[in-house]
Amino acid sequence: MKNVDDLIDSAAELAERGLSKGEIADELNVSRETASWLVERAGGNDTAEAAASTSTADIHVDWSALGRDSTRLRYAASAMADLLAKEGEEVDLTVGIEKAGAPLATAVAGQLDTDLGTYAPAKHQWEEGDIDEHGGGFSRNFAGIRDRDCYVVDDIITSGTTMRESIDAIREQGGEPVACVVLVDKRGFDEIDGVPVYSLVDVVRVDREE
């Protein structure tokens, strides 16, 4: 995807397939607000250029060159695992945040020789309104938290909301998140709720005043 028009078309296609706006945000690696804006533009008559002038800035990240190739994905996961290895001595569980964080977490867990868990965040159910009205959950098909120390893996941090939700959910299960790792951190977090955050790439936006 090269421009806003491509994103609008992709958002329209995903909406037609029945994905919620939260799922569309996850698929396109943008904020929920940006996903909502893209869907609205797809269904309206405004041009992308005119609409973009009134929108809140966001950064789209396309890491499909890694995701569509298992070898490249393993290389990325190896680097992510290396960042996590310095944190914790008794960690035996890696939790991936669905959807895109799950395959990354699978590869990271293999590198670190841990069990694998997955968490589906509330945003996957989000359409409009307060996201706190929805809830996330851990998959029963993978390892349970069971008061264990764990690593948390996702692809992108956009606002930090999903990572914060996942940390809270793990703690509610009695677990202890030791460290988080992502491919790209749009906000440049050092930590979230006391948990260290590592990323392969930090995105820093520079606004210049004329």
Side-chain angles (χ1 to χ4, degrees), residues 22-36 55-63 66-67 73 75-89 91 93-109 111-112 114 117-124 126 130-132 134-136 138 145 148-173 175-208:
E23 289 176 307
I24 292 171
D26 200 36
E27 285 290 322
L28 298 181
N29 297 320
V30 296
S31 69
R32 295 191 305 276
E33 293 77 15
T34 299
S36 182
S55 67
T56 300
D58 195 2
I59 298 170
H60 168 64
V61 177
D62 182 354
W63 60 274
L66 292 174
L73 190 68
Y75 288 151
S78 179
M80 296 170 80
D82 183 64
L83 290 171
L84 290 174
K86 67 181 76 172
E87 295 284 348
E89 297 179 356
V91 179
L93 175 63
T94 300
V95 177
I97 300 176
E98 300 179 7
K99 301 176 181 175
L104 285 166
T106 302
V108 169
Q111 292 285 331
L112 297 175
T114 71
T118 65
Y119 179 76
K123 70 178 181 182
H124 288 174
W126 181 84
D130 192 348
I131 195 170
D132 290 336
H134 304 286
F138 295 94
I145 303 301
R148 302 160 78 178
D149 289 351
C150 61
Y151 298 125
V152 186
V153 178
D154 203 0
D155 62 335
I156 311 288
I157 289 179
T158 296
S159 67
T161 301
T162 298
M163 187 63 76
R164 186 170 289 108
E165 175 195 335
S166 303
I167 289 171
D168 289 343
I170 290 168
R171 286 173 172 165
E172 287 173 5
Q173 295 288 319
E176 183 54 43
V178 172
C180 308
V181 68
V182 296
L183 290 173
V184 179
D185 181 357
K186 296 184 185 181
R187 295 287 297 274
F189 285 106
D190 291 323
E191 56 86 23
I192 294 178
D193 289 350
V195 182
V197 175
Y198 297 98
S199 63
L200 296 186
V201 177
D202 284 339
V203 176
V204 178
R205 180 181 172 187
V206 178
D207 293 316
R208 298 190 304 166

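All figures in this text were calculated on a predicted structure; none of them were measured in a lab. All values below were derived from every heavy atom in this structure, side-chain atoms included, with hydrogens, water molecules and symmetry-related copies excluded.
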L66 and Y75: side-chain contact (heavy atoms from CB on, under 4.5 Å), yes or no, with the steps?
CA-CA 9 Å; L66 292 174; Y75 288 151; over 6 Å; no
Go through the steps for I167 and C180 under the test side-chain contact (heavy atoms from CB on, under 4.5 Å), then give the verdict.
CA-CA 9 Å; I167 289 171; C180 308; 4.0 Å; yes
Does the side-chain contact (heavy atoms from CB on, under 4.5 Å) test come out yes or no for V61 and K186, once each step is laid out?
CA-CA 9 Å; V61 177; K186 296 184 185 181; 4.0 Å; yes
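Taken to the nearest 0.5 Å, the CG atom of L183 stands 10.5 Å off from the CD1 atom of I157. Note: T158 OG1 to H60 NE2 = 11.0 Å, rounded to the nearest 0.5 Å. One finds the CG atom of D154 at 12.0 Å from the OG atom of S199 (value rounded to the nearest 0.5 Å). Here the CG atom belonging to L112 is positioned 11.5 Å from the CG atom belonging to L93, to the nearest 0.5 angstrom.
Here salt bridge (Lys or Arg N to Asp or Glu O under 4.0 Å) pairs that include residues 188-199, with residues two or more places apart or in two chains, are R164-D193.
Between the side chain of E165 and the backbone N or O of P121, no donor-acceptor pair lies under 3.5 Å.
The side chain to side chain donor-acceptor pair (under 3.5 Å) search around D168 returns none, not counting sequence neighbours. The side-chain contact (heavy atoms from CB on, under 4.5 Å) search around L73 returns W63, P103, L104, not counting sequence neighbours. Evaluation of the salt bridge (Lys or Arg N to Asp or Glu O under 4.0 Å) rule for R187 yields no partner, not counting sequence neighbours. Residues meeting the side-chain contact (heavy atoms from CB on, under 4.5 Å) test with T106, sequence neighbours left out: L116.
Considering all non-hydrogen atoms of both residues, G136 and Y119 come closest at CA-OH, 3.4 Å. The two residues D155 and A100 come nearest to each other via the heavy atoms OD2-CB, 3.3 Å. For the pair A102 and T118, the tightest heavy-atom approach, listed with the atom from each and the gap, is CB-CG2, 4.2 Å. I145 approaches I170 most closely through the heavy-atom pair CG2-O, 4.0 Å.
Here the rule is side-chain contact (heavy atoms from CB on, under 4.5 Å) with M163, and of D185, I156, V195, V152 only V152 fits it.
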What side-chain donor-acceptor pairs closer than 3.5 Å can you find for residues 77-87, not counting sequence neighbours?
{"residue": "E87", "atom": "OE2", "partner": "Y198", "partner atom": "OH", "Å": "2.5"}

